[in-house]
Amino acid sequence: MDSDVNPEPLLQIEELRVEFPTASGTVEAVSGVSFAVAANQTVAVVGESGSGKSVTALAVLRLLDGGRISGGRVLWDGRDLAELDGRGMRRIRGDEIAMIFQDPMTSLDPLYSVGHQVVEAIRLHRRISKRAARERAVELLDQVGIPDARSRIDAYPHQLSGGQRQRVMIAMALACSPRLLIADEPTTALDVTIEAQVLEVLRTVQREYSTALLLVTHDMGVVAETADWVVVFYAGQVVEQGPTAQVLGDPRHPYSAALLAAVPTPTTDKSLPLAAIPGAVPSLHETPTGCRFHPRCPHAWDECASTVPELYELSGGRTSRCLLQRDARGAAAVVAVGRESA
Ligand SMILES: Nc1ncnc2c1ncn2[C@@H]1O[C@H](COP(=O)(O)OP(=O)(O)O)[C@@H](O)[C@H]1O
Ligand SMILES: [Mg+2]
């Protein structure tokens, strides 16, 4: 689905803040993040390791380990998820939003066959016989590309390859026919060929099940191949978001540009070292003043160290948190999208 402006949102994250208590004080891992996912849409959240992608995804499902939502809200189908009790939240997690993680081994139980686990997932959501659930499990495993699903269904997780385990996780996630699938770096542990296959499975099931997909990744190549809309995270904030083709074709935040420059292309000279972004994501204890990216930014000037950039609106519903955009002709601060402070 190509869209210039994000259509009616299914999931809407508004000014989300998440903090964790640590031995050396409270740290804020997510600092006022806003973005939305519409029905059937694929939104990619991209950014270096430690930028708050997983914490944001976990906050949506209220699966924060020791952390707490300290600001903002998460709307699901227009409803504030904070108003749900534990039971209501479990229902959303099971029936409406499913999540798959980077390492399927941590989510699959080594003691049970994959079939048993898929059957259990199905029966958790639907009152059907074991036999019917098993038939459905075979069907799901077949759909996610497990060869010879009818016999592989009795295999144990350790008997499957990493790619096949991730396919099983996708099958389990589909067991409840979710309206939104959150996939947190689902292919990071896989080699490139298998990664491409698993992404293809995700795209296929998304089409067939009309599921929205929130794909967390640190790989711009994956974004290019998969997403309608891309949200670029840096140090707990959204620094740029917009339609994938526009953001990738013409990045307006120096951080997005740097991430893209680090992606190898077919014409990249393989004898040269990969371009990397100099410096590192700042520690949560030492968030830079002004623009959080300024210490690493090739375009930074004096003001960038003191003035906190807002999200400035560009055409096509895009936004960029960079003073260059403020100064560009016609750009206006986006009040509705968020005045996220540092
Ligand atoms: N349970 C936790 N306790 C303290 N800090 C955490 C916890 N989980 C995540 N963080 C911190 O929050 C920041 C964002 O983490 P995360 O969302 O996992 O990043 P990523 O973008 O790589 O998914 C990191 O600095 C991480 O150390
Ligand atoms: Mg992560």
Side-chain angles (χ1 to χ4, degrees), residues 11 13 15-35 37 42-72 74 97-107 162 166 169 173 180-190 195 198-199 202 213-223 226-227 229-241 247 253 255-256 258-260 262-263 276-277 279-288 292-293 295-296 321 340 342:
L11 175 72
I13 299 174
E15 294 292 302
L16 182 71
R17 287 177 183 274
V18 178
E19 49 183 46
F20 291 97
T22 71
S24 44
T26 301
V27 294
E28 193 175 68
V30 173
S31 306
V33 157
S34 302
F35 68 91
V37 184
T42 296
V43 172
V45 169
V46 70
E48 281 164 295
S49 189
S51 54
K53 306 183 299 295
S54 294
V55 169
T56 299
L58 292 168
V60 167
L61 291 175
R62 279 202 262 140
L63 293 172
L64 291 167
D65 180 21
R68 75 177 191 102
I69 295 179
S70 50
V74 178
I97 308 177
M99 184 157 177
I100 56 177
F101 299 91
Q102 177 174 332
D103 180 8
M105 258 335 231
T106 58
S107 324
Q166 201 52 287
M169 290 310 301
L180 171 67
L181 181 60
I182 302 179
D184 189 356
E185 311 245 10
T187 58
T188 302
L190 306 174
E195 168 176 61
V198 170
L199 287 173
L202 277 176
L213 180 63
L214 175 57
L215 181 68
V216 176
T217 176
H218 61 256
D219 186 334
M220 279 292 205
V222 170
V223 174
T226 317
W229 187 267
V230 55
V231 183
V232 183
F233 269 50
Y234 185 75
Q237 295 181 318
V238 173
V239 294
E240 175 163 11
Q241 63 174 310
V247 174
H253 194 285
Y255 178 65
S256 317
L259 268 185
L260 278 163
V263 177
I277 306 173
V281 175
S283 142
L284 295 181
H285 294 283
E286 294 166 273
T287 307
R292 293 186 177 189
F293 187 58
R296 300 172 77 188
R321 188 187 292 285
E340 301 156 37

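One is the number of the first residue; the rest follow in order along the sequence. Atoms within a ligand are numbered from 1 in the order they appear, just like the ligands themselves. Excluded from the calculations below are hydrogen atoms, water molecules and symmetry mates; all remaining heavy atoms, backbone and side chain alike, are included.
Residue-to-ligand polar distances place G52 within reach of ligand 1: an N/O pair is separated by less than 3.5 Å. For ligand 1, none of its N or O atoms has an N or O atom of T56 under 3.5 Å away. The shortest N or O to N or O distance between V27 and ligand 1 is not under 3.5 Å. Ligand 1 has no nitrogen or oxygen under 3.5 angstrom from a nitrogen or oxygen of T22.
Looking only at side-chain heavy atoms (C-beta outward), D219 and E195 come within less than 4.5 Å of each other. Under the 4.5 Å side-chain criterion, counting only non-hydrogen atoms from C-beta, V55 is in contact with L64. In this structure, S31 and R292 have side chains that are in contact, with non-hydrogen atoms separated by less than 4.5 Å. Put simply, the side chain of H285 reaches to within 4.5 Å of the side chain of T22, judged on heavy atoms.
Among all heavy-atom pairs drawn from L213 and V37, the shortest one is O-CG1, 4.4 Å.
Residue S51 has at least one heavy-atom neighbour below 4.0 Å for each of these atoms of ligand 1: 19 (O), 20 (P), 21 (O). For ligand 1, the atoms lying closer than 4.0 Å to a non-hydrogen atom of D65 are 1 (N). When each atom of ligand 1 is checked for a heavy atom of A29 under 4.0 Å away, the hits are 12 (O), 13 (C).
In L284, the part holding a heavy atom less than 4.0 Å from any atom of ligand 1 is the side chain.
The closest approach between G66 and ligand 1 stays at or above 4.0 Å for every heavy atom of the residue. By the 4.0 Å heavy-atom criterion, S49 is counted among the residues contacting ligand 1.
Residue S49 does not count as close to the Mg ion (ligand 2), with no N, O or S atom under 2.8 Å.
Inside a 4.0 Å radius of atom 3 (N) of ligand 1 there is at least one protein heavy atom.
Between the side chain of R296 and the backbone N or O of I277 there is at least one donor-acceptor pair closer than 3.5 Å. Side-chain atoms of K53 come within 3.5 Å of backbone atoms of E48 as a donor-acceptor pair (strictly under, hydrogens ignored). Although no hydrogens or angles enter the test, the distance criterion places a donor-acceptor pair under 3.5 Å between the side chain of S34 and the main chain of E15.
Using bins of under 30°, 30° to 60° and over 60° for the plane-to-plane angle, the ring pair Y255/Y234 lands in the tilted bin.
Among all non-hydrogen protein atoms, the one lying nearest atom 18 (O) of ligand 1 is S54 CB, 3.6 Å. In terms of protein heavy atoms, atom 9 (C) of ligand 1 is closest to V55 CG2, 3.6 Å. The single protein non-hydrogen atom nearest to atom 20 (P) of ligand 1 is G50 N, 3.4 Å, given as residue, atom name and distance. For atom 10 (N) of ligand 1, the closest non-hydrogen atom on the protein side is F20 CE1, 3.8 Å.
Using modelled atom types and a 3.5 Å distance limit, the side chains of E240 and S256 yield a donor-acceptor pair.
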